[in-house]
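Keep in mind that this is a model prediction, so the values were computed, not measured. Sequence lines set the chain letters: A, B, ... in the order given, protein chains first and strands last, and positions in each chain run from 1.
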Amino acid sequence: MTTTSEPGTKAGGRGRSRIDRYEPTVIEPKWQQRWDELGLYETDLEDTSRPKSYILTMYPYPSGDLHIGHWYIVTPTDALARFHRMHGENVFFPIGFDAFGLPAENAAIKNGINPLDWTMRNIEHERTQFRSMGAVFDWRYEVVTCEPEFYRWNQWFFLRLLEHGLAYRRRSPVDWCPNDGTLAREQVEGADRHCWRCGMPVEKRDLEQWYLRTTNYADELLDFSGIDWPEPIKVQQTNWIGRSEGAEVVFTTAPDDAQPGGDELRVFTTRPDTLFGATFMVLAPEHPLVATLTHPDRRAEVDAYVAAAARRTEIERLSTEREKTGVFTGSYAINPVDDERIPIWIADYVLGGYGTGAIMAVPAHDERDFAFAQRFGLAIRRVVAAPGTDDEPLDAAFVSHADDEHLVNSGEFSGLPADEGGRRIVNALSKRGLAKATVTYRLRDWTFSRQRYWGTPIPIIYCDRDGVVPVPDADLPVRLPDTVDYGGRGENPLNHDESFLRVECPRCGGPARRETDTMDTFVDSSWYWFRYLSPHKDDGPIDRELVARWTPVDQYTGGAEHAVMHLLYSRFWTKAMRDLGLVDQDEPFKRLFNQGQILGADGERMSKSRGNVQDPDDLVAKYGADSVRLFLMFMGPWDQGGPWSETGIEGVYRFVRRVWALALDPHGREPGEGSAGPLPDGQDESAARAAIRSAAHRTLRDVTQDYEGFRFNTMVAKLMELVNVLQRYRGTSVAGLSEWDEAISLLLLMLAPAAPHVSEELWARRLDARGEEWRSIHTEPWPVVDERAAAAETYEVPIQVNGKLRDRIEVPTGISEIELEQLVLARERVRELLAGRTPDRVIVAGGRRLVNVVVRG
RNA sequence: GCCGAGGUGGCGGAACCGGCAGACGCGGCCGACUUAAAAUCGGCUGCCCGCAAGGGCGUGCGAGUUCAAAUCUCGCCCUCGGCACCA
C-alpha cells in the first residue's frame with residue numbers, strides 16, 4: 001500500500017514515470033474520516049456573515065438498505081450543496097429518516113420483533129451507507145421521526161389544529177385497505193383503486209375518523225405564484241384540487257300518497273344552461289334522503305341496491321362500469337324552472353362525496369346521463385343546439401359547449417346564447433332563493449386516522465362522561481408502548497394493550513380510554529424540514545428565530561410520485577402553521593426539482609421482492625464512491641431516470657483514473673517513451689499554451705452553467721472533453737507549464753462537488769508538492785472565468801450551398817460579415833458549385849456562425 | 001376518455017435561441033506496448049453507393065412554413081407517468 005501524502009511525481013522527471021495507483025477504497029474512507037474530524041461539513045446556523053442556502057432532499061424511509069435509487073436522488077443534490085458552498089454560501093443540507101410506516105410493522109409481524117428495533121437497525125446501517133458516499137450532511141441535525149422527541153410535536157400540532165377547527169372527527173365512508181386500514185384519498189391509486197403501499201383493492205367503510213381540513217386551503221393551494229416548481233407538478237396538484245365553477249340549484253320533492261314532499265334536493269351543476277333539459281334526478285346510494293324518498297313498493301329493491309353498493313369494492317363497481325345500474329325510488333321532484341315533475345332515481349355513478357351527492361340528469365347534454373336514460377327508457381330532451389340544428393335528433397349526448405350554441409325548448413330563455421342563458425337562469429332562480437353560483441372542489445379533507453401501531457398516537461381520550469377530550473400539552477408525548485404484541489394478527493395491537501388503553505380522563509379523573517388510531521405517517525414529512533433546524537428542542541416544535549432565518553427551503557429535490565401526497569400536504573401544513581401564528585411564510589419550498597426514478601434492469605420499480613435491486617455498496621467496493629457518483633450524474637438528464645444498467649460505469653472510472661494520471665504525471669508517456677511528443681497539428685508552443693488555457697476556461701464557463709441548470713450529465717461530459725484535450729498535450733513540451741497547471745487546478749475544482757474524494761486527494765498532493773500548507777479543496781472558492789482566455793482566436797465556419805453543407809473555413813474571431821461573405825465566395829469549392837451563376841442571396845447566420853449561399857436554377 | 005412527459009446511431013444520451021445532427025460515454029473494429037493477457041495509449045465507427053474524390057439518405061409517420069427544421073405549425077402513430085363516471 002502506498003502512502004498518499006507524498007508527491008507522486010518529480011517535476012520535470014523524464015522517462016518511465018512511477019506514480020501511485022488510484023485506489024479509491026483507500027483514499028475515500030481516509031478523507032471521510034478527516035472531514036469528520038475537522039468538522040468540515042458542520043453548518044453554523046447562527047452564522048449570518050454569509051448568505052444562507054437551505055438545500056433539502058426528501059428523506060428516505062429506512063427499509064434496510066439504501067439502493068442505487070437513493071444515491072441517484074442524493075448525489076446531484078450533494079454536488080449542488082457543495083457547489084453553493086464553494087460560492088461562499090452558508091449551506092445547510094440535512095438528512096434524517098422517515099421512520100414510521102408500514103414495512104416496519106410487516107417485518108415485525110413476520111419476524112416477531114418490535115418495529116422500533118427493526119427500524120433503528122436499518123437506520124444504523126443506512127447511516128454508514130450514506131457516509132460512504134461522501135455527502136456533506138451535518139449529522140448533528142439528523143431527525144428520526146419515530147423518536148418521541150419528534151413525534152410529540154406531531155401531537156402538539158394536532159391539538160393546535162383541533163383548537164383552530166382544522167382537525168375534526170366525523171363518521172363517513174372512507175377508503176379502506178384490508179392490509180393498511182384507512183387511506184387518505186390521495187393514497188388510493190389507479191383505475192382499479194388499489195392501495196398505494198400494498199396494491200390491495202380498496203373498499204369503502206363507514207367509520208368514525210379524524211380529518212384535517214385541507215379543503216379550507218383549496219383556493220390558496222391553487223396559487224403557485226412565488227414558487228418555482230416544475231410545471232407538471234403544478235398541473236397535477238391543480239387537477240387534484242379540481243376546482244369547478246357552477247351553480248347549486250334547489251329541486252323540491254313532490255308530494256304523493258306515500259310522503260308529504262317539500263324536501264329540498266340540492267344539486268350542483270356546471271351547466272345551468274341545460275336546466276330545462278333535466279328529465280330525471282339521480283341520488284348517490286349514500287344520500288341521506290334515500291330512505292325518505294323510497295316508496296314502500298320500491299323499498300326492497302332500493303335497499304338491496306344500496307346495500308350492494310356499500311358492499312361492493314371499487315374494483316367491482318368499475319367492472320360493471322360499462323353498463324350503468326340504478327333503481328327508481330318511486331318519488332318525483334319538481335324542476336324549479338318549469339315545475340315539471342321528474343322521477344328520482346338512485347345510481348352509484350353519482351358519488352356521495354362530491355358536490356351534493358345528487359344530480360339533475362340532463363341526458364341530452366351529458367354522456368353518463370344519456371347512457372342511463374337509454375338503459376332505463378327515460379326522456380331525453382334537447383335544450384342546447386348549434387346553429388341550424390334545433391330539431392336534429394340526438395343519437396348521443398351533445399356536449400360540445402361551443403360559443404355559437406343557443407338554448408332551445410327552454411321557455412322564455414329559448415334563443416339566447418347558451419352561456420348567457422345559463423347565467424340568466426341562475427339569476428332568475430336566485431331571486432326566488434332557489435339557486436346560487438357555487439364553486440366545488442374534488443379535493444377532500446385529509447383522512448388522518450390509521451389503524452396501526454407504528455405511527456404517532458393521536459392525543460385524544462374518550463370519556464363516557466366528558467366525551468372526546470384532548471390530551472393536555474403537559475401530558476405529551478403520548479408514547480407508543482415499548483412492547484408490542486401482534487398476536488399473529490394484522491390488527492392494531494394498541495386495541496388490546498390495556499396499559500395503553502386505560503387512562504384517567506383529564507377532565508373528570510374518571511376511567512377513560514385512549515384513542516388507538518395513530519396518525520397517517522405523512523404527518524412527519526409535512527413539517528420535518530422545520531425540525532431539522534432544532535431537532536432536540538424540547539420546549540416547542542420549532543426554533544422560531546432559526547425558522548425565520550432559514551426557511552423556506554431554497555432548493556428541494558425529490559420524486560414526482562409525491563405530487564399530490566407529500567408535496568401537497570407540506571404546502572397545507574405550512575399554511576396551517578402560518579395561520580396558527582407559528583411562521584410567516586406561505587410556502588415550504590421555493591424551488592423544487594423532480595429527479596427521475598431509477599428502475600430495475602427489468603424496467604420495473606426496484607424492490608427486494610422483485611430481486612432487481614442494485615446495491616451501491618458493491619459498486620463502491622469495485623469503483624469507489626466518486627466513480628459511482630459521477631456515473632449516476634453522467635447517465636442522462638437527472639429528471640429522466642430510467643432502467644438501471646451498469647454499462648458505462650467503466651468509462652467514468654477510466655475518466656477518473658485519467659484525471660489522476662494527468663494531475664500527478666503530466667509528462668508520462670506510457671510506457672518507456674523518453675522524449676516529449678509532438679504538438680498537435682503543427683501548433684507552435686504559444687498556440688498550444690493558449691489552446692490549453694482556452695479549453696480550461698471554456699469548460700469552466702460551461703460547467704458552471706450546467707451546475708446552475710441541473711444539467712449534471714453534460715457537466716461531466718464537458719469535464720471529460722477537457723481531460724481529452726489535456727491528454728493530447730500530455731508528454732509534450734507544454735505539459736506542466738503554467739497553463740497546464742492552471743487547467744489541472746480548474747479541473748479539480750470543477751470536479752470537487754461531483755467527486756469530492758479524488759479531487760481532495762489530488763488537491764492535497766499538489767499543495768504538498770508546492771510546499772504549501774494543506775487546505776481542503778471544498779473550502780476553496782469557485783474559480784472565475786477569464787472570458788478573454790475562453791475566446792478562441794479563430795473558429796470554423798460551416799459553409800452551405802442551398803442549405804447543404806459543402807465546405808468549412810477557418811476565420812479569425814473578430815471577422816466582419818462582409819469579409820466573411822467575401823472569403824466564402826472566393827472559396828474554390830463554392831465557385832465550383834456556383835458554376836458561374838450569381839448567388840441569389842448569401843445568408844450569414846446568427847452571429848457569423850454559418851454561411852448559406854443560395855442560388856436558383 | 002382527459003391531463004402531463006417523451007420518441008434522435010447497436011446502447012445511454014448531446015445539440016438550451018430555427019443555423020455543422022449524433023458532443024461525451026458504452027459497445028464494436030484496427031493498431032501500438034506485451035512472450036501473452038489485463039491495464040494503458042493511438043485511430044476508425046449513423047445508413048447506403050464509391051478504390052477514391054465525392055454523392056445520396058437520415059432525428060416516430062405524413063403534410064406545411066423557412067435560405068435553413070430534431071427544434072416552429074397542422075394532422076396522425078407509439079411509449080411512459082398521472083387521473084378515473086367529479087355532474
Upstream residue (5' side of RNA chain B) when A/Y354 and A/G636 are each assigned their closest nucleotide: A/G636
Polar atoms only, N or O, under 3.5 Å: list the protein pairs with nucleotides 64-68 of chain B and their distances.
{"from": "B/rC67", "atom 1": "OP1", "to": "A/R841", "atom 2": "NH1", "distance (Å)": "3.3"}
{"from": "B/rC67", "atom 1": "O2'", "to": "A/N852", "atom 2": "ND2", "distance (Å)": "3.4"}
{"from": "B/rC67", "atom 1": "O2", "to": "A/N852", "atom 2": "ND2", "distance (Å)": "2.7"}

Touch class at under 4.0 angstrom, heavy-atom based, for A/T440 against every strand present: nothing
Where at least one partner belongs to residues 630-650 of chain A, residue pairs that pass side chain to side chain donor-acceptor pair (under 3.5 Å), sequence neighbours excluded: A/Q614-A/W644, A/Y623-A/E650, A/S645-A/T647
Heavy-atom side-chain contact between A/R806 and A/V830 under 4.5 Å: no
Close approaches to RNA chain B from residues 557-569 of chain A, in residue order (heavy atom, under 4.0 Å): none
Selected nucleotide, minimal atom distance to A/K804 side chain, candidates B/rG13, B/rC57, B/rA87: B/rC57
Touch class at under 4.0 angstrom, heavy-atom based, for A/D369 against every strand present: nothing
Donor-acceptor pair present, A/K324 side chain and B/rC85 base, under 3.5 Å: yes
Protein-nucleotides 69-71 of chain B N/O pairs under 3.5 Å:
none

Sugar-phosphate only, base, or nothing, as touched by A/D639 at under 4.0 Å among non-hydrogen atoms: nothing
Length of the line joining A/K234:NZ and B/rA5:C1', which is rounded to integer Å: 16 Å
A/F634/A/F655 aromatic ring centres below 6.0 Å: no
Non-neighbouring partners of A/R266 that pass salt bridge (Lys or Arg N to Asp or Glu O under 4.0 Å), sequence neighbours left out: A/E248, A/E264
RNA chain B-proximal residues of residues 648-658 of chain A, any heavy atom under 4.0 Å: A/G648, A/G651, A/R654, A/R657, A/R658
